[in-house]
Amino acid sequence: MERTLSIIKPDGVARGLIGEVIKRFEANNLKIVAMKMIYMTKAQAQGFYAVHKERPFFDSLTDFMSSGPIVVLILDGENAIAKYRELMGATNYKETAEGTIRRDFATDIEKNIVHGSDSPESADFEIGYFFNSFEVIC
Ligand code: ADP
Ligand code: MG
């Protein structure tokens, strides 16, 4: 079993897609073991995306991620990291597979509805960024 961090981004929450995204997790054997709605400050978004701090889109991305409430979840399952990346689709929604969350709902390379960890190391960092051990169901 493996754990990964998911975020339903401000565009997903604002557009009423929380249920739609969660439905896809439940239909694909990704078990929700923690979940909450929060509203990040700009500084919190900068800390979360610190790996991208040199990228040209960093300022815009962290403005966007702190522009409204988000839902953060921990998903547990076999190959959860890769499985969720597949469900989510590629960063560029125009180039990603049919039936993925981003292909179905993203409107922009930045406003792409969901985040997912990309490796076991990033999953550990990202889970620890949002959750303490009392908030995770064993
Ligand atoms: P992913 O979310 O697929 O792992 P990255 O980690 O590369 O993608 O980028 C983090 C987020 O930054 C993306 O989900 C997207 O919101 C935004 N982003 C990535 N590339 C660009 C870009 N070229 N222009 C604007 N925003 C981008
Ligand atoms: Mg990434």
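Indexing begins at 1, ligand by ligand and atom by atom, following the structure's order. Below, all heavy atoms of this structure are taken into account, side chains as well, without hydrogens, waters or symmetry copies.
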[X] near ligand 1 by a heavy-atom separation under 4.0 Å:
{"X": "Met65", "result": "no"}
{"X": "Leu61", "result": "yes"}
{"X": "Met88", "result": "no"}

Among all protein heavy atoms, pick out the one at the shortest distance from [atom]; state its residue, atom name and that distance to 0.1 Å.
{"atom": "atom 16 (O) of ligand 1", "value": "Glu110 O, 2.8 Å"}
{"atom": "atom 24 (N) of ligand 1", "value": "Ile109 CG2, 3.5 Å"}
{"atom": "atom 2 (O) of ligand 1", "value": "Arg102 NH2, 2.9 Å"}
{"atom": "atom 13 (C) of ligand 1", "value": "Asn112 ND2, 3.7 Å"}
{"atom": "atom 9 (O) of ligand 1", "value": "His52 NE2, 3.6 Å"}
{"atom": "atom 8 (O) of ligand 1", "value": "Thr91 OG1, 3.2 Å"}
{"atom": "atom 4 (O) of ligand 1", "value": "Arg85 NH1, 2.9 Å"}
{"atom": "atom 22 (C) of ligand 1", "value": "Phe57 CD2, 3.6 Å"}

**Asked** Do Phe105 and Tyr93 make the cut of ring centroids closer than 6.0 angstrom?
**Response** no
**Request:** Mind telling me whether His115 and Phe48 have parallel, tilted or perpendicular rings, with 30° and 60° as the class edges?
**Result:** perpendicular
**Within 45° cone of Phe64 ring axis and under 6.0 Å: Lys9 NZ or CZ** = no
**Prompt:** What's the spacing between Thr107 OG1 and Ile113 CD1 if we round to 0.5 Å?
**Reply:** 6.5 Å
**Request:** Using a cut-off of 6.0 Å, state whether more than 12 heavy atoms not belonging to Glu86 lie near its atom CD.
**Result:**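 No.
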**Prompt:** Does the N or O separation between Arg55 and ligand 1 drop below 3.5 Å for any pair?
**Reply:**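 No.
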**Message:** For ligand 1 and Lys111, I'd like to know whether there is a polar contact (N/O to N/O, distance under 3.5 Å).
**Reply:** no
Of all the heavy-atom pairs spanning [X] and [Y], show the shortest one and how long it is.
{"X": "Ser6", "Y": "Leu75", "result": "CB-CD1, 4.0 Å"}
{"X": "Asp118", "Y": "Ile81", "result": "C-CG2, 4.0 Å"}
{"X": "Ala123", "Y": "Thr4", "result": "CB-CA, 4.2 Å"}

**Prompt:** Does the side chain of Lys42 come under 3.5 Å of the side chain of Ser66 through a donor N or O and an acceptor N or O?
**Reply:** no
